[in-house]
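Just below is one structure, and these are the notes that go with it.
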Amino acid sequence: MTTLHEVKDANSKIAKEYVNEVFETVIARNPFESEFHQAAKEIFDSLIPVFIKHPHYIDQNILERMVEPERVISFRVPWIDDQGKVQVNRGFRVQFNSAIGPYKGGVRFHPSVNAGIIKFLGFEQIFKNSLTGLPIGGGKGGADFDPKGKSDGEIMRFTQSFMTELYRYIGPDIDVPAGDIGVGAREIGFMYGQYKRIRGGFEAGVLTGKGLGYGGSLARTEATGYGTVYFVEEMLKDRGQSFKGSTVVVSGSGNVSIYAMEKAMQLGAKVVACSDSNGYIYDQNGINLDTVKRLKEVERKRIKEYVAEHPGALYFEGCSGIWSIPCDIALPCATQNEIDEAAAKILVANGVIAVGEGANMPSTLDAIDVFLKNKVLFGPAKAANAGGVAVSALEMSQNSMRLSWTFDEVDAKLHKIMENIYRNCVKAADEYGHPGNLVVGANIAGFLRVADAMIVQGVI
Ligand code: NDP
Ligand code: 2IT
(Lines give C-alpha, C1' and ligand atoms only; values in the text may rest on other atoms or scores of the structure.)
(Ligands and ions follow the chains in the order given, each with its own letter.)
Protein backbone atom coordinates (compact mmCIF):
# COMPACT_ATOMS: atom_id res chain seq x y z
CA MET A 1 0.00 0.00 0.00
CA THR A 2 1.19 3.55 -0.75
CA THR A 3 2.29 5.33 2.41
CA LEU A 4 1.17 8.84 3.21
CA HIS A 5 4.77 9.89 2.78
CA GLU A 6 4.88 8.51 -0.75
CA VAL A 7 1.65 10.32 -1.65
CA LYS A 8 3.13 13.56 -0.31
CA ASP A 9 6.37 13.07 -2.29
CA ALA A 10 4.43 12.36 -5.49
CA ASN A 11 2.26 15.46 -4.96
CA SER A 12 5.35 17.48 -4.25
CA LYS A 13 6.94 16.38 -7.54
CA ILE A 14 3.75 17.17 -9.47
CA ALA A 15 3.44 20.60 -7.82
CA LYS A 16 7.04 21.54 -8.57
CA GLU A 17 6.76 20.34 -12.17
CA TYR A 18 3.54 22.30 -12.62
CA VAL A 19 5.07 25.51 -11.27
CA ASN A 20 8.20 25.10 -13.43
CA GLU A 21 6.14 24.45 -16.55
CA VAL A 22 4.01 27.54 -16.05
CA PHE A 23 7.09 29.61 -15.28
CA GLU A 24 8.60 28.53 -18.62
CA THR A 25 5.48 29.73 -20.43
CA VAL A 26 5.79 33.07 -18.62
CA ILE A 27 9.35 33.47 -19.93
CA ALA A 28 8.37 32.39 -23.45
CA ARG A 29 5.32 34.65 -23.63
CA ASN A 30 6.99 37.66 -22.03
CA PRO A 31 10.58 37.70 -23.30
CA PHE A 32 13.03 40.27 -21.87
CA GLU A 33 10.63 41.31 -19.08
CA SER A 34 13.03 40.52 -16.24
CA GLU A 35 11.12 42.33 -13.47
CA PHE A 36 7.93 40.48 -14.37
CA HIS A 37 9.82 37.16 -14.36
CA GLN A 38 11.26 38.03 -10.92
CA ALA A 39 7.86 38.85 -9.42
CA ALA A 40 6.34 35.68 -10.90
CA LYS A 41 9.23 33.49 -9.69
CA GLU A 42 8.88 34.65 -6.08
CA ILE A 43 5.12 34.05 -6.05
CA PHE A 44 5.23 30.73 -7.92
CA ASP A 45 7.83 29.20 -5.60
CA SER A 46 5.83 30.29 -2.55
CA LEU A 47 2.73 28.53 -3.86
CA ILE A 48 4.24 25.04 -4.12
CA PRO A 49 3.00 24.09 -0.60
CA VAL A 50 -0.54 25.12 -1.65
CA PHE A 51 -0.45 22.93 -4.76
CA ILE A 52 0.88 19.98 -2.73
CA LYS A 53 -1.96 20.29 -0.23
CA HIS A 54 -4.70 21.19 -2.72
CA PRO A 55 -3.97 19.65 -6.15
CA HIS A 56 -7.35 20.85 -7.48
CA TYR A 57 -5.71 24.22 -8.19
CA ILE A 58 -3.42 22.39 -10.63
CA ASP A 59 -6.41 20.66 -12.26
CA GLN A 60 -7.90 24.13 -12.72
CA ASN A 61 -4.60 25.40 -14.21
CA ILE A 62 -5.11 28.41 -11.97
CA LEU A 63 -1.54 29.70 -12.15
CA GLU A 64 -1.35 29.98 -15.92
CA ARG A 65 -4.67 31.83 -15.87
CA MET A 66 -3.60 34.22 -13.11
CA VAL A 67 -0.27 35.15 -14.65
CA GLU A 68 -1.86 36.12 -17.98
CA PRO A 69 -3.33 39.64 -17.65
CA GLU A 70 -7.02 39.94 -18.48
CA ARG A 71 -6.11 42.88 -20.71
CA VAL A 72 -2.97 44.88 -21.66
CA ILE A 73 -3.51 48.33 -23.15
CA SER A 74 -0.66 50.29 -24.71
CA PHE A 75 -1.20 53.69 -26.27
CA ARG A 76 0.40 56.78 -27.80
CA VAL A 77 0.64 59.92 -25.64
CA PRO A 78 1.44 62.94 -27.83
CA TRP A 79 1.96 66.34 -26.19
CA ILE A 80 3.62 69.70 -26.83
CA ASP A 81 6.55 70.89 -24.71
CA ASP A 82 7.28 74.49 -23.65
CA GLN A 83 9.42 75.01 -26.76
CA GLY A 84 6.45 74.11 -28.98
CA LYS A 85 8.01 70.77 -29.97
CA VAL A 86 5.79 67.70 -30.34
CA GLN A 87 6.78 64.90 -27.96
CA VAL A 88 5.53 61.32 -27.91
CA ASN A 89 5.47 58.90 -24.96
CA ARG A 90 4.08 55.42 -24.52
CA GLY A 91 1.27 54.88 -22.02
CA PHE A 92 0.12 51.59 -20.47
CA ARG A 93 -2.68 50.14 -18.43
CA VAL A 94 -2.53 46.47 -17.47
CA GLN A 95 -5.89 45.20 -16.21
CA PHE A 96 -4.62 42.08 -14.55
CA ASN A 97 -7.35 40.52 -12.47
CA SER A 98 -10.94 41.51 -11.64
CA ALA A 99 -12.07 38.39 -9.76
CA ILE A 100 -12.64 40.15 -6.43
CA GLY A 101 -13.32 43.74 -7.50
CA PRO A 102 -12.64 46.44 -10.10
CA TYR A 103 -9.04 46.69 -11.28
CA LYS A 104 -7.17 48.89 -8.80
CA GLY A 105 -3.62 50.16 -8.80
CA GLY A 106 -1.39 53.13 -9.36
CA VAL A 107 0.02 54.94 -12.37
CA ARG A 108 3.79 55.47 -12.65
CA PHE A 109 5.50 58.20 -14.67
CA HIS A 110 9.19 57.35 -14.96
CA PRO A 111 11.54 56.96 -17.96
CA SER A 112 12.19 53.30 -17.02
CA VAL A 113 8.52 52.32 -17.50
CA ASN A 114 7.89 49.55 -20.05
CA ALA A 115 5.44 46.66 -20.41
CA GLY A 116 7.49 44.38 -18.12
CA ILE A 117 7.64 46.91 -15.28
CA ILE A 118 3.89 47.54 -15.44
CA LYS A 119 3.19 43.79 -15.55
CA PHE A 120 5.37 43.11 -12.52
CA LEU A 121 3.60 45.86 -10.60
CA GLY A 122 0.16 44.72 -11.78
CA PHE A 123 0.83 41.10 -10.87
CA GLU A 124 2.00 42.04 -7.37
CA GLN A 125 -1.04 44.29 -7.00
CA ILE A 126 -3.46 41.33 -7.37
CA PHE A 127 -2.09 39.65 -4.24
CA LYS A 128 -1.58 42.89 -2.30
CA ASN A 129 -5.13 44.03 -2.92
CA SER A 130 -6.46 40.63 -1.92
CA LEU A 131 -4.50 40.81 1.36
CA THR A 132 -6.27 44.05 2.31
CA GLY A 133 -9.51 42.07 2.59
CA LEU A 134 -11.26 44.78 0.55
CA PRO A 135 -13.07 44.29 -2.79
CA ILE A 136 -10.37 45.41 -5.23
CA GLY A 137 -8.85 43.59 -8.21
CA GLY A 138 -5.34 44.17 -9.55
CA GLY A 139 -4.12 46.62 -12.19
CA LYS A 140 -1.32 49.09 -12.91
CA GLY A 141 -0.48 51.75 -15.44
CA GLY A 142 2.05 54.35 -16.38
CA ALA A 143 4.14 55.99 -19.04
CA ASP A 144 7.82 56.29 -19.94
CA PHE A 145 7.56 60.03 -19.29
CA ASP A 146 10.20 61.77 -17.19
CA PRO A 147 8.59 64.44 -14.96
CA LYS A 148 12.01 65.74 -13.83
CA GLY A 149 12.66 69.29 -14.98
CA LYS A 150 9.24 69.67 -16.59
CA SER A 151 7.15 72.80 -15.98
CA ASP A 152 3.66 72.61 -14.45
CA GLY A 153 2.27 73.39 -17.91
CA GLU A 154 4.15 70.47 -19.48
CA ILE A 155 3.02 68.11 -16.71
CA MET A 156 -0.59 69.21 -17.26
CA ARG A 157 -0.50 68.83 -21.04
CA PHE A 158 1.15 65.42 -20.82
CA THR A 159 -1.24 64.20 -18.11
CA GLN A 160 -4.31 65.45 -19.99
CA SER A 161 -3.15 63.66 -23.13
CA PHE A 162 -2.56 60.48 -21.10
CA MET A 163 -6.12 60.64 -19.73
CA THR A 164 -7.61 61.48 -23.13
CA GLU A 165 -6.83 57.89 -24.10
CA LEU A 166 -7.03 56.18 -20.69
CA TYR A 167 -10.55 57.45 -19.90
CA ARG A 168 -12.21 54.91 -22.21
CA TYR A 169 -10.90 51.96 -20.19
CA ILE A 170 -11.60 53.14 -16.61
CA GLY A 171 -14.56 53.93 -14.35
CA PRO A 172 -15.61 53.69 -10.68
CA ASP A 173 -16.79 50.07 -11.16
CA ILE A 174 -14.31 49.13 -13.88
CA ASP A 175 -10.77 50.29 -13.13
CA VAL A 176 -9.65 52.85 -10.55
CA PRO A 177 -6.13 54.29 -11.01
CA ALA A 178 -4.14 56.20 -8.34
CA GLY A 179 -0.59 57.50 -7.86
CA ASP A 180 2.81 55.81 -7.81
CA ILE A 181 6.34 57.03 -8.66
CA GLY A 182 6.10 60.43 -10.36
CA VAL A 183 2.33 60.65 -9.88
CA GLY A 184 1.08 62.53 -6.82
CA ALA A 185 -1.66 65.00 -5.91
CA ARG A 186 -0.81 67.38 -8.78
CA GLU A 187 -1.01 64.70 -11.48
CA ILE A 188 -4.16 63.09 -10.01
CA GLY A 189 -5.79 66.54 -10.06
CA PHE A 190 -4.99 67.01 -13.76
CA MET A 191 -6.15 63.46 -14.55
CA TYR A 192 -9.43 63.91 -12.69
CA GLY A 193 -10.12 67.27 -14.34
CA GLN A 194 -9.59 65.80 -17.80
CA TYR A 195 -11.66 62.67 -17.07
CA LYS A 196 -14.52 64.85 -15.83
CA ARG A 197 -14.42 67.07 -18.95
CA ILE A 198 -14.59 64.06 -21.24
CA ARG A 199 -17.25 62.14 -19.31
CA GLY A 200 -19.34 65.16 -18.43
CA GLY A 201 -20.14 63.93 -14.91
CA PHE A 202 -18.65 63.94 -11.42
CA GLU A 203 -17.61 60.31 -10.98
CA ALA A 204 -15.45 60.77 -7.89
CA GLY A 205 -14.71 57.05 -7.48
CA VAL A 206 -12.81 56.78 -10.79
CA LEU A 207 -9.48 57.81 -9.23
CA THR A 208 -8.05 57.77 -5.72
CA GLY A 209 -5.48 59.98 -4.09
CA LYS A 210 -7.64 62.96 -5.01
CA GLY A 211 -7.35 66.34 -3.30
CA LEU A 212 -9.36 66.76 -0.11
CA GLY A 213 -11.48 69.49 -1.70
CA TYR A 214 -12.94 67.24 -4.42
CA GLY A 215 -13.44 63.76 -2.96
CA GLY A 216 -10.06 62.70 -1.59
CA SER A 217 -9.71 60.83 1.69
CA LEU A 218 -7.92 62.14 4.74
CA ALA A 219 -4.85 60.01 5.54
CA ARG A 220 -4.44 58.71 1.93
CA THR A 221 -1.25 60.79 1.58
CA GLU A 222 0.19 59.24 4.74
CA ALA A 223 -1.26 55.75 4.26
CA THR A 224 1.50 53.80 2.53
CA GLY A 225 4.32 55.06 4.75
CA TYR A 226 2.31 54.85 7.97
CA GLY A 227 1.03 51.40 7.00
CA THR A 228 4.55 50.10 6.38
CA VAL A 229 5.60 51.25 9.84
CA TYR A 230 2.45 49.74 11.43
CA PHE A 231 3.32 46.43 9.76
CA VAL A 232 6.93 46.50 10.99
CA GLU A 233 5.67 47.45 14.46
CA GLU A 234 3.63 44.21 14.50
CA MET A 235 6.67 42.14 13.47
CA LEU A 236 8.76 43.80 16.18
CA LYS A 237 6.04 43.32 18.84
CA ASP A 238 6.12 39.56 18.28
CA ARG A 239 9.80 39.63 19.26
CA GLY A 240 9.23 41.94 22.22
CA GLN A 241 10.86 44.87 20.39
CA SER A 242 9.69 48.26 19.10
CA PHE A 243 10.69 51.36 17.13
CA LYS A 244 11.41 53.25 20.35
CA GLY A 245 15.11 54.14 20.54
CA SER A 246 15.93 52.38 17.24
CA THR A 247 18.04 53.76 14.41
CA VAL A 248 16.25 53.70 11.07
CA VAL A 249 17.38 54.14 7.46
CA VAL A 250 14.71 54.92 4.86
CA SER A 251 15.50 55.12 1.14
CA GLY A 252 13.73 57.56 -1.17
CA SER A 253 12.27 60.93 -0.19
CA GLY A 254 8.95 60.74 -1.98
CA ASN A 255 5.44 60.03 -0.76
CA VAL A 256 6.06 56.62 0.82
CA SER A 257 9.43 57.50 2.32
CA ILE A 258 8.37 60.80 3.91
CA TYR A 259 5.41 59.31 5.79
CA ALA A 260 7.33 56.19 6.79
CA MET A 261 9.90 58.53 8.35
CA GLU A 262 7.16 60.57 10.02
CA LYS A 263 5.49 57.57 11.67
CA ALA A 264 8.80 55.96 12.68
CA MET A 265 9.79 59.24 14.36
CA GLN A 266 6.41 59.47 16.10
CA LEU A 267 7.06 56.01 17.51
CA GLY A 268 10.38 57.13 18.97
CA ALA A 269 12.87 56.09 16.28
CA LYS A 270 15.81 58.14 15.07
CA VAL A 271 15.81 58.26 11.25
CA VAL A 272 19.37 58.98 10.13
CA ALA A 273 19.29 58.68 6.33
CA CYS A 274 17.13 59.07 3.24
CA SER A 275 17.81 59.47 -0.49
CA ASP A 276 16.64 60.40 -3.96
CA SER A 277 17.66 59.04 -7.34
CA ASN A 278 20.93 61.03 -7.25
CA GLY A 279 22.27 60.30 -3.78
CA TYR A 280 21.63 60.07 -0.04
CA ILE A 281 21.97 62.18 3.08
CA TYR A 282 23.24 60.97 6.44
CA ASP A 283 22.35 63.04 9.50
CA GLN A 284 23.53 61.18 12.57
CA ASN A 285 21.56 63.50 14.87
CA GLY A 286 18.35 62.52 13.16
CA ILE A 287 16.86 63.90 9.95
CA ASN A 288 14.82 67.10 10.09
CA LEU A 289 11.63 66.01 8.32
CA ASP A 290 10.26 69.53 7.87
CA THR A 291 13.26 70.36 5.69
CA VAL A 292 12.84 67.16 3.63
CA LYS A 293 9.12 67.85 3.17
CA ARG A 294 9.71 71.42 2.01
CA LEU A 295 12.55 70.45 -0.34
CA LYS A 296 10.75 67.48 -1.92
CA GLU A 297 7.01 68.16 -1.60
CA VAL A 298 6.95 71.93 -2.13
CA GLU A 299 10.14 73.05 -3.89
CA ARG A 300 10.71 69.77 -5.83
CA LYS A 301 14.47 70.10 -5.31
CA ARG A 302 17.23 67.48 -4.94
CA ILE A 303 17.85 65.90 -1.51
CA LYS A 304 21.44 67.18 -1.78
CA GLU A 305 20.16 70.66 -0.83
CA TYR A 306 19.47 69.36 2.71
CA VAL A 307 23.12 69.61 3.79
CA ALA A 308 23.30 73.35 3.02
CA GLU A 309 20.67 73.88 5.74
CA HIS A 310 21.99 71.24 8.15
CA PRO A 311 25.78 71.49 8.21
CA GLY A 312 26.10 68.46 10.50
CA ALA A 313 24.69 66.23 7.75
CA LEU A 314 26.63 64.55 4.94
CA TYR A 315 25.67 63.96 1.30
CA PHE A 316 26.88 61.03 -0.82
CA GLU A 317 26.40 60.59 -4.57
CA GLY A 318 24.72 57.33 -5.70
CA CYS A 319 21.90 55.37 -4.10
CA SER A 320 23.12 51.95 -3.01
CA GLY A 321 25.61 53.23 -0.39
CA ILE A 322 22.71 54.13 1.90
CA TRP A 323 22.52 50.48 3.01
CA SER A 324 26.03 50.60 4.45
CA ILE A 325 24.84 52.99 7.18
CA PRO A 326 24.43 50.94 10.37
CA CYS A 327 20.78 50.69 11.45
CA ASP A 328 18.33 48.53 13.40
CA ILE A 329 15.50 48.91 10.91
CA ALA A 330 15.73 49.41 7.14
CA LEU A 331 12.76 50.68 5.15
CA PRO A 332 13.42 50.62 1.39
CA CYS A 333 10.85 53.11 0.01
CA ALA A 334 12.27 54.19 -3.37
CA THR A 335 12.08 51.62 -6.15
CA GLN A 336 12.50 48.00 -7.34
CA ASN A 337 15.74 46.07 -6.81
CA GLU A 338 17.39 48.77 -4.71
CA ILE A 339 18.70 46.18 -2.21
CA ASP A 340 20.83 43.48 -3.84
CA GLU A 341 22.57 40.53 -2.19
CA ALA A 342 25.69 42.58 -1.34
CA ALA A 343 23.64 45.36 0.28
CA ALA A 344 21.61 42.80 2.24
CA LYS A 345 24.82 41.21 3.56
CA ILE A 346 26.11 44.60 4.71
CA LEU A 347 22.82 45.33 6.50
CA VAL A 348 23.01 41.95 8.24
CA ALA A 349 26.68 42.44 9.18
CA ASN A 350 25.71 45.79 10.71
CA GLY A 351 23.06 44.10 12.85
CA VAL A 352 19.78 45.02 11.14
CA ILE A 353 16.83 43.41 12.97
CA ALA A 354 13.94 44.28 10.63
CA VAL A 355 13.37 45.21 7.00
CA GLY A 356 9.99 46.57 5.86
CA GLU A 357 9.44 47.02 2.14
CA GLY A 358 7.61 50.32 1.49
CA ALA A 359 8.53 50.24 -2.22
CA ASN A 360 7.40 47.51 -4.62
CA MET A 361 9.93 44.65 -4.93
CA PRO A 362 12.86 46.70 -3.54
CA SER A 363 14.82 43.56 -2.59
CA THR A 364 16.20 41.12 -5.17
CA LEU A 365 15.42 37.42 -4.66
CA ASP A 366 19.01 36.87 -3.44
CA ALA A 367 18.69 39.73 -0.95
CA ILE A 368 15.47 38.23 0.44
CA ASP A 369 17.29 34.92 0.93
CA VAL A 370 20.02 36.67 2.90
CA PHE A 371 17.45 38.28 5.22
CA LEU A 372 15.46 35.08 5.76
CA LYS A 373 18.56 32.92 6.35
CA ASN A 374 19.79 35.38 8.95
CA LYS A 375 16.43 35.51 10.76
CA VAL A 376 15.95 39.21 10.02
CA LEU A 377 12.27 40.15 10.40
CA PHE A 378 11.25 40.68 6.79
CA GLY A 379 8.00 42.41 5.76
CA PRO A 380 7.50 41.80 2.02
CA ALA A 381 6.17 44.65 -0.12
CA LYS A 382 2.78 43.25 -1.01
CA ALA A 383 1.94 43.00 2.68
CA ALA A 384 3.97 45.86 4.18
CA ASN A 385 3.01 48.55 1.65
CA ALA A 386 -0.64 47.53 1.22
CA GLY A 387 -1.80 50.43 3.41
CA GLY A 388 -1.79 52.83 0.46
CA VAL A 389 -4.16 50.85 -1.69
CA ALA A 390 -6.23 49.92 1.37
CA VAL A 391 -6.93 53.58 2.09
CA SER A 392 -7.59 54.06 -1.64
CA ALA A 393 -10.36 51.48 -1.26
CA LEU A 394 -11.62 53.42 1.78
CA GLU A 395 -11.61 56.55 -0.41
CA MET A 396 -13.82 54.66 -2.90
CA SER A 397 -16.20 53.71 -0.05
CA GLN A 398 -16.44 57.32 1.11
CA ASN A 399 -17.08 58.47 -2.49
CA SER A 400 -19.91 55.91 -2.85
CA MET A 401 -21.46 57.07 0.43
CA ARG A 402 -20.86 60.76 -0.39
CA LEU A 403 -19.46 61.13 3.12
CA SER A 404 -15.96 61.70 4.55
CA TRP A 405 -14.44 60.13 7.59
CA THR A 406 -12.08 62.04 9.91
CA PHE A 407 -8.32 61.55 9.81
CA ASP A 408 -8.45 59.51 13.01
CA GLU A 409 -11.22 57.26 11.71
CA VAL A 410 -9.30 56.45 8.52
CA ASP A 411 -6.01 56.04 10.39
CA ALA A 412 -7.64 53.64 12.89
CA LYS A 413 -9.07 51.56 10.03
CA LEU A 414 -5.65 51.53 8.33
CA HIS A 415 -3.99 50.39 11.54
CA LYS A 416 -6.48 47.54 11.95
CA ILE A 417 -6.07 46.49 8.30
CA MET A 418 -2.25 46.32 8.68
CA GLU A 419 -2.59 44.25 11.86
CA ASN A 420 -4.95 41.86 10.07
CA ILE A 421 -2.64 41.54 7.08
CA TYR A 422 0.24 40.72 9.42
CA ARG A 423 -1.80 38.09 11.32
CA ASN A 424 -3.05 36.51 8.08
CA CYS A 425 0.49 36.27 6.68
CA VAL A 426 1.76 34.67 9.89
CA LYS A 427 -1.16 32.23 9.89
CA ALA A 428 -0.72 31.18 6.25
CA ALA A 429 3.04 30.73 6.73
CA ASP A 430 2.36 28.48 9.74
CA GLU A 431 -0.40 26.47 8.06
CA TYR A 432 1.70 25.75 4.98
CA GLY A 433 4.84 24.73 6.83
CA HIS A 434 7.02 27.85 6.68
CA PRO A 435 6.61 29.48 10.10
CA GLY A 436 7.94 33.04 10.25
CA ASN A 437 8.40 33.32 6.48
CA LEU A 438 6.11 36.23 5.62
CA VAL A 439 7.07 36.11 1.93
CA VAL A 440 5.44 32.70 1.66
CA GLY A 441 2.65 33.75 4.04
CA ALA A 442 1.74 36.90 2.07
CA ASN A 443 1.80 35.14 -1.29
CA ILE A 444 -0.36 32.25 -0.09
CA ALA A 445 -2.89 34.36 1.81
CA GLY A 446 -3.21 36.75 -1.14
CA PHE A 447 -3.47 33.91 -3.66
CA LEU A 448 -6.19 31.84 -1.95
CA ARG A 449 -8.87 34.54 -1.96
CA VAL A 450 -8.39 35.37 -5.65
CA ALA A 451 -7.99 31.75 -6.80
CA ASP A 452 -11.16 30.65 -5.01
CA ALA A 453 -13.14 33.57 -6.45
CA MET A 454 -11.90 32.73 -9.96
CA ILE A 455 -12.83 29.08 -9.64
CA VAL A 456 -16.42 29.68 -8.54
CA GLN A 457 -16.82 32.14 -11.43
CA GLY A 458 -16.11 29.43 -14.03
CA VAL A 459 -13.19 29.24 -16.46
CA ILE A 460 -12.27 32.94 -16.50
P1 NDP B 1 7.56 59.21 -5.39
O2 NDP B 1 7.67 59.57 -6.82
O3 NDP B 1 6.79 60.08 -4.48
O4 NDP B 1 9.01 59.04 -4.75
C5 NDP B 1 9.93 58.13 -5.25
C6 NDP B 1 11.24 58.32 -4.52
O7 NDP B 1 12.14 57.28 -4.89
C8 NDP B 1 11.92 59.62 -4.86
O9 NDP B 1 12.69 60.05 -3.79
C10 NDP B 1 12.79 59.23 -6.04
O11 NDP B 1 13.89 60.08 -6.24
C12 NDP B 1 13.22 57.84 -5.64
N13 NDP B 1 13.46 57.02 -6.83
C14 NDP B 1 12.60 56.79 -7.84
N15 NDP B 1 13.15 56.02 -8.79
C16 NDP B 1 14.37 55.76 -8.36
C17 NDP B 1 15.44 55.03 -8.91
N18 NDP B 1 15.34 54.41 -10.10
N19 NDP B 1 16.57 54.96 -8.19
C20 NDP B 1 16.67 55.58 -6.98
N21 NDP B 1 15.69 56.30 -6.42
C22 NDP B 1 14.57 56.39 -7.10
O23 NDP B 1 6.98 57.72 -5.38
P24 NDP B 1 6.32 56.91 -4.17
O25 NDP B 1 6.90 57.33 -2.88
O26 NDP B 1 4.86 56.97 -4.36
O27 NDP B 1 6.77 55.42 -4.52
C28 NDP B 1 7.94 54.82 -3.98
C29 NDP B 1 7.81 53.32 -4.05
O30 NDP B 1 6.68 52.90 -3.28
C31 NDP B 1 7.59 52.73 -5.43
O32 NDP B 1 8.19 51.45 -5.49
C33 NDP B 1 6.07 52.57 -5.50
O34 NDP B 1 5.69 51.60 -6.44
C35 NDP B 1 5.79 52.13 -4.08
N36 NDP B 1 4.43 52.29 -3.58
C37 NDP B 1 3.79 53.50 -3.63
C38 NDP B 1 2.53 53.63 -3.09
C39 NDP B 1 1.83 54.93 -3.04
O40 NDP B 1 0.74 54.97 -2.46
N41 NDP B 1 2.36 56.01 -3.56
C42 NDP B 1 1.82 52.47 -2.53
C43 NDP B 1 2.60 51.26 -2.47
C44 NDP B 1 3.85 51.20 -3.00
P45 NDP B 1 13.76 61.40 -7.15
O46 NDP B 1 13.17 62.45 -6.26
O47 NDP B 1 15.15 61.68 -7.57
O48 NDP B 1 12.89 61.05 -8.30
O1 2IT C 1 1.66 50.11 -5.45
C2 2IT C 1 0.61 50.53 -4.93
O3 2IT C 1 -0.06 49.84 -4.16
C4 2IT C 1 0.19 51.91 -5.24
N5 2IT C 1 0.90 52.61 -5.96
C6 2IT C 1 -1.11 52.44 -4.71
C7 2IT C 1 -2.26 51.96 -5.55
C8 2IT C 1 -3.60 52.57 -5.23
O9 2IT C 1 -4.52 52.26 -6.00
O10 2IT C 1 -3.76 53.30 -4.26
Side-chain angles (χ1 to χ4, degrees), residues 35 101-113 117-118 120-129 131-132 134 136-142 146-149 170 175-188 206-210 216-217 219-228 250-261 274-281 292 295-297 299-305 318-320 322 331-339 356-363 381-396:
E35 291 86 0
Y103 310 106
K104 180 84 197 85
V107 168
R108 176 178 290 192
F109 290 167
H110 194 271
S112 63
V113 163
I117 297 267
I118 300 299
F120 117 64
L121 290 162
F123 191 53
E124 291 272 299
Q125 200 82 42
I126 303 170
F127 302 86
K128 180 195 309 194
N129 293 4
L131 282 171
T132 67
L134 300 166
I136 38 178
K140 197 84 189 188
D146 188 357
K148 276 203 192 73
I170 63 175
D175 183 354
V176 183
D180 194 80
I181 292 178
V183 177
R186 174 180 59 171
E187 292 73 18
I188 295 289
V206 70
L207 289 172
T208 61
K210 298 182 293 297
S217 173
R220 174 62 188 89
T221 305
E222 293 81 359
T224 313
Y226 278 23
T228 300
V250 185
S251 62
S253 49
N255 172 261
V256 179
S257 172
I258 285 176
Y259 293 94
M261 291 196 263
C274 71
S275 61
D276 64 16
S277 53
N278 292 104
Y280 63 97
I281 53 163
V292 175
L295 287 174
K296 300 304 281 190
E297 290 185 330
E299 298 171 359
R300 298 181 189 272
K301 287 191 174 152
R302 310 312 303 156
I303 199 66
K304 188 182 183 174
E305 309 285 331
C319 302
S320 58
I322 194 170
L331 304 176
C333 294
T335 194
Q336 63 273 2
N337 292 328
E338 52 170 313
I339 301 186
E357 295 190 318
N360 283 309
M361 208 168 75
S363 312
K382 60 176 77 62
N385 75 31
V389 77
V391 173
S392 277
L394 300 181
E395 182 172 330
M396 291 162 72

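Just so you know, ligand 1 is whichever comes first in the structure, and atom 1 is the first atom listed for that ligand. Keep in mind that what you see is a predicted model, and the values were worked out from it rather than measured.
- Taking only non-hydrogen atoms, the option from A223, A334, S112 nearest to atom 7 (O) of ligand 1 is A334.
- Residues K304 and D276 are not paired through a salt bridge, judged by the lack of any N-O separation under 4.0 Å between the basic side chain and the carboxylate.
- Heavy-atom proximity to K140, at under 4.0 Å, picks out these atoms of ligand 2: 1 (O), 2 (C), 4 (C), 5 (N).
- Atom 8 (C) of ligand 1 has its nearest heavy-atom neighbour, among G254, P111, G105, in G254.
- Considering backbone and side-chain atoms alike, N360 places an N or O below 3.5 Å from some N or O of ligand 2.
- Screening K382, Q336, K128 for a side-chain hydrogen bond (donor to acceptor under 3.5 Å, both in side chains) with N360, the sole residue that qualifies is K128.
- Residue K296 has at least one heavy-atom neighbour below 4.0 Å for each of these atoms of ligand 1: 46 (O).
- Heavy-atom contacts of H110 reach the following atoms of ligand 1: 15 (N) (cutoff under 4.0 Å).
- In R220, the part holding a heavy atom less than 4.0 Å from any atom of ligand 2 is the side chain.
- Checked against a 3.5 angstrom limit, the closest N/O atoms of N385 and ligand 1 fall outside it.
- Remark: ligand 2 and P177 share no N or O pair separated by less than 3.5 Å (distance only, no angle test).
- Of the N or O atoms in N360, one or more lie within a sub-3.5 Å distance of an N or O in ligand 1.
- Backbone and side-chain nitrogen or oxygen atoms of C333 are examined, and none is located within less than 3.5 angstrom of a nitrogen or oxygen of ligand 1.
- At the shortest separation from atom 16 (C) of ligand 1 among protein heavy atoms lies T335 CG2, 3.7 Å.
- Distances below 4.0 Å separate heavy atoms of A178 from the following atoms of ligand 2: 8 (C), 9 (O), 10 (O).
- By the criterion of a heavy-atom distance under 4.0 Å, the side chain of K128, and not its backbone, is placed next to ligand 2.
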